[in-house]
Trainee: 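Sending over a structure as structure tokens; questions will come in a sec.
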Amino acid sequence: MKKLVRITVVCAALSAVAFTGCRKTDKSAGDSSLAELKSRGVFVLGLDDSFPPLGFRDENNEIVGYDIDLAKEVAKRLGVEFKAQPIDWDAKEMELNTGKIDCIWNGFTITKERGDALAFTKPYLNNEQVLIVRNDSGIKSLADMKGKNVGLQSGSSAQEAVDGNASFASSLKKQIMFKDNVTALNDLTIGGVDGVVMDSVVADYSIAATGKPFTVIEEPLAQEEYGVAFRKSDAALRDEVQKQLEDMQKDGTVTAVSIKWFGRDISVIGR
């Protein structure tokens, strides 16, 4: 009798394990994010629209850029319309999780904390957080910023890079937060701050495009990778976007877009 009871208990346990496994499989298979997007017919990208050359407004007030060109092509291949939706960068995760946008695609740095909360694609660009100063500032290194003011975009990975470098952060007089990098650079022009920490991709483009007398200090604060972020529940949509990007890299589309904005192919998709 005891033997029979033991066998019954074991079988019940195995059945429970099998049932649990089935539920996990069903949950994965039940991700309808890609189907829902195609049914809705529009792919909504959330961005800071003052982040050249990845996403910004041109002289006609149209949102353009490297990320925009890639995302438009992905939307075309998915058979849906594309919409660029400017958002408050400080509230980007909230905008995504409340369903106002389908993804954050705007030089968004992959970090462990963000990776725990969001579903990222694989990296598509490499980046560094760098310090920009005026040519006449006399600042030649990070150490020269001791006792000076630095400008940062609020909620950006630049802020994380500065806070993550204890010796540099403690040497500063003050960290001044700005809504976007363009405003921070304007403040640097008039001497409101002594330096601005920002993405090297944006820094190099901005200096070349505006001709302003700025210098990038050759001592990065952090190495980074950019990815496209989706809700954790939208893995199916994330995976399809990743597939489209890899196909675009193979057929030369990504290379053409990269050359258009950077003069060379700096993509790391599939590499």
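Predicted model only: the values in this text are computed from it and were never measured. Atoms considered below: every heavy atom in the structure, side chains included; atoms not considered: hydrogens, waters and symmetry mates.
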Trainee: Quick one: do Leu96 and Phe51 end up in the same hydrophobic cluster if we chain Ile, Leu, Val, Met, Phe, Trp and Tyr together by side-chain heavy atoms under 4.5 Å apart?
Mentor: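 In one cluster: no.
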Trainee: Hey, any chance Val130 and Ile217 share a hydrophobic cluster, counting ILVMFWY side chains that come within less than 4.5 Å of each other, even indirectly?
Mentor: no
Trainee: Treat each ILVMFWY residue as a node, draw an edge where side-chain heavy atoms are under 4.5 Å apart, and state whether Val202 and Val196 are in one component.
Mentor: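 Yes, Val202 and Val196 fall within the same hydrophobic cluster.
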Trainee: More than 12 foreign heavy atoms under 6.0 Å from CZ of Arg271: is that the case here?
Mentor: yes
Trainee: Among all residues two or more places apart in sequence or in another chain, which pass the side chain to side chain contact (heavy atoms under 4.5 Å, CB included) test with Lys243?
Mentor: Glu240, Asp247
Trainee: Decide yes or no for Ser233 and Ser33: does some side-chain heavy atom of the first lie under 4.5 Å from some side-chain heavy atom of the second?
Mentor: no
Trainee: Between Leu118 and Glu93, what is the shortest heavy-atom contact and its length?
Mentor: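 Reported closest heavy-atom pair: CD1-CG, 4.2 Å.
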Trainee: Please report the shortest heavy-atom distance between Val150 and Val193, naming the atom on each side.
Mentor: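 Result for this residue pair: C-CG1, 4.3 Å.
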Trainee: Backbone N or O of Val201 within a donor-acceptor pair of the Asp199 side chain at under 3.5 Å?
Mentor: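 No, Asp199 side chain to Val201 backbone: no donor-acceptor pair under 3.5 Å.
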Trainee: With rounding to the nearest 0.5 Å, note down the distance linking CZ in Phe178 to CG in Asn186.
Mentor: 9.0 Å
Trainee: What distance separates Phe262 CZ from Asp204 CG, expressed to the nearest 0.5 Å?
Mentor: 9.5 Å
Trainee: Tell me whether Phe82 is reachable from Val241 by hopping between hydrophobic residues (I, L, V, M, F, W, Y) whose side-chain heavy atoms are closer than 4.5 Å.
Mentor: yes
Trainee: Do you know the tightest heavy-atom contact between Asp69 and Val257?
Mentor: CB-CG1, 3.7 Å
Trainee: Indicate yes or no: at least one non-hydrogen side-chain atom of Met145 is less than 4.5 angstrom from one of Ile139.
Mentor: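 SC-SC contact between Met145 and Ile139 confirmed.
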Trainee: Carefully, step by step, assess Asp180 and Trp89 under the rule side chain to side chain contact (heavy atoms under 4.5 Å, CB included).
Mentor: CA-CA 8 Å; Asp180 54 58; Trp89 199 247; over 6 Å; no
Trainee: Quick one, Phe43 with Glu81, criterion side chain to side chain contact (heavy atoms under 4.5 Å, CB included). Give me CA distance, side-chain angles, the key distance, then yes/no.
Mentor: CA-CA 6 Å; Phe43 182 39; Glu81 295 181 8; over 6 Å; no
Trainee: Could you give all pairs that pass the side-chain hydrogen bond (donor to acceptor under 3.5 Å, both in side chains) test and reach residues 161-177, with sequence neighbours left out?
Mentor: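 Counting only pairs at least two positions apart or across chains, the side-chain hydrogen bond (donor to acceptor under 3.5 Å, both in side chains) contacts touching residues 161-177 are Asp163-Gln175, Asn165-Ser167.
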Trainee: For the backbone of Glu128 and the side chain of Ser200, can you confirm whether one donor and one acceptor N or O come within less than 3.5 Å of each other?
Mentor: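 Side chain of Ser200 to backbone of Glu128, a donor-acceptor pair under 3.5 Å: yes, one is there.
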Trainee: Backbone N or O of Ala35 within a donor-acceptor pair of the Ser39 side chain at under 3.5 Å?
Mentor: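 Checked: no pair found.
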Trainee: Is a side-chain donor or acceptor of Gln249 paired with a backbone partner of Leu245 at a separation under 3.5 angstrom?
Mentor: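 Side chain of Gln249 to backbone of Leu245: no pair is present.
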Trainee: Please evaluate residues Thr253 and Arg77 with respect to the criterion side chain to side chain donor-acceptor pair (under 3.5 Å), reporting the C-alpha separation (whole Å), side-chain torsions for both, the decisive distance (0.1 Å), and the verdict.
Mentor: CA-CA 12 Å; Thr253 301; Arg77 295 185 184 206; 3.1 Å; yes
Trainee: Of all heavy-atom pairs between Asp102 and Val42, which one has the smallest distance, and what is that distance?
Mentor: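 Taking Asp102 first and Val42 second, the nearest heavy atoms are OD2-O, 3.6 Å.
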Trainee: Between Arg238 and Phe120 (side chain of the first, backbone of the second, donor and acceptor by atom type, cut-off under 3.5 Å), is there such a pair?
Mentor: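 Checking the backbone N and O of Phe120 against the side chain of Arg238, a donor-acceptor pair under 3.5 Å is found.
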Trainee: How long is the span from the OG atom in Ser32 to the CG atom in Asp234, to the nearest 0.5 Å?
Mentor: 8.0 Å
Trainee: Is there a side-chain contact between Phe108 and Asp67 (heavy atoms, below 4.5 Å)?
Mentor: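 Phe108 vs Asp67: side chains apart.
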Trainee: With a 4.5 Å heavy-atom cut-off, do Leu131 and Glu219 have their side chains touching?
Mentor: no
Trainee: Look at the side-chain heavy atoms of Ile, Leu, Val, Met, Phe, Trp and Tyr, link any pair under 4.5 Å apart, and say whether Val182 and Tyr205 land in one connected group.
Mentor: no
Trainee: Hey, are the side chains of Ile269 and Glu246 touching, using non-hydrogen atoms and a 4.5 Å cut-off?
Mentor: yes
Trainee: Does a side-chain heavy-atom distance below 4.5 Å link Ile63 with Pro86?
Mentor: yes
Trainee: Quick one: do Trp261 and Val64 satisfy side chain to side chain contact (heavy atoms under 4.5 Å, CB included)? Show the steps, please.
Mentor: CA-CA 10 Å; Trp261 290 105; Val64 299; 4.1 Å; yes
Trainee: Distance only, no hydrogens: is a donor on one side chain within 3.5 Å (strictly under) of an acceptor on the other, for Ser50 and Asp48?
Mentor: yes
Trainee: Spell out, as yes or no, whether a donor-acceptor pair under 3.5 Å connects the side chain of Asp194 to the backbone of Asn149.
Mentor: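 Flag set: sc Asp194 to bb Asn149 pair under 3.5 Å.
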Trainee: Are any side-chain N or O atoms of Asp187 and backbone N or O atoms of Ala184, one a donor and one an acceptor, separated by less than 3.5 Å?
Mentor: no
Trainee: Can you check side chain to side chain contact (heavy atoms under 4.5 Å, CB included) on Glu224 and Ile110, steps first, answer last?
Mentor: CA-CA 7 Å; Glu224 299 178 339; Ile110 302 170; over 6 Å; no
Trainee: Report all side-chain donor-acceptor pairs from residues 53-60 shorter than 3.5 Å, counting only partners two or more places apart or in another chain.
Mentor:
residue	atom	partner	partner atom	Å
Arg57	NE	Asp49	OD2	2.8
Arg57	NH1	Asn61	O	2.9
Arg57	NH2	Asp49	OD2	3.2
Asp58	OD1	Asn60	N	2.9
Asp58	OD1	Asn61	N	3.1
Asp58	OD1	Glu62	N	2.9

Trainee: Looking at Ser258 and Ile266, would you say the former's side chain and the latter's main chain have a donor-acceptor pair under 3.5 Å?
Mentor: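 Checking the backbone N and O of Ile266 against the side chain of Ser258, a donor-acceptor pair under 3.5 Å is found.
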Trainee: Is there a side-chain contact between Tyr66 and Tyr124 (heavy atoms, below 4.5 Å)?
Mentor: yes
Trainee: Can you measure from CG (Leu237) to NZ (Lys38) and round to the nearest 0.5 angstrom?
Mentor: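 Here the rounded value is 10.0 Å.
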Trainee: Compare every heavy atom of Ile132 with every heavy atom of Ile207, then report the nearest pair and how far apart it is.
Mentor: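 The answer is CD1-CG2, 4.5 Å.
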Trainee: State the OG1-CD distance between Thr121 and Gln244, to the nearest 0.5 angstrom.
Mentor: 13.0 Å
Trainee: Heavy atoms only: give me the nearest Glu160-Thr111 pair and the separation to one decimal.
Mentor: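 Closest pair (atom of Glu160, atom of Thr111, distance): OE1-CG2, 3.8 Å.
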Trainee: Please examine the side chains of Gln153 and Met198, heavy atoms only from C-beta on, and report whether any two atoms are closer than 4.5 Å.
Mentor: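 Not touching, per the 4.5 Å side-chain cut-off.
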Trainee: Rounded to the nearest 0.5 Å, how far does NZ of Lys122 lie from CG of Asp239?
Mentor: 9.5 Å
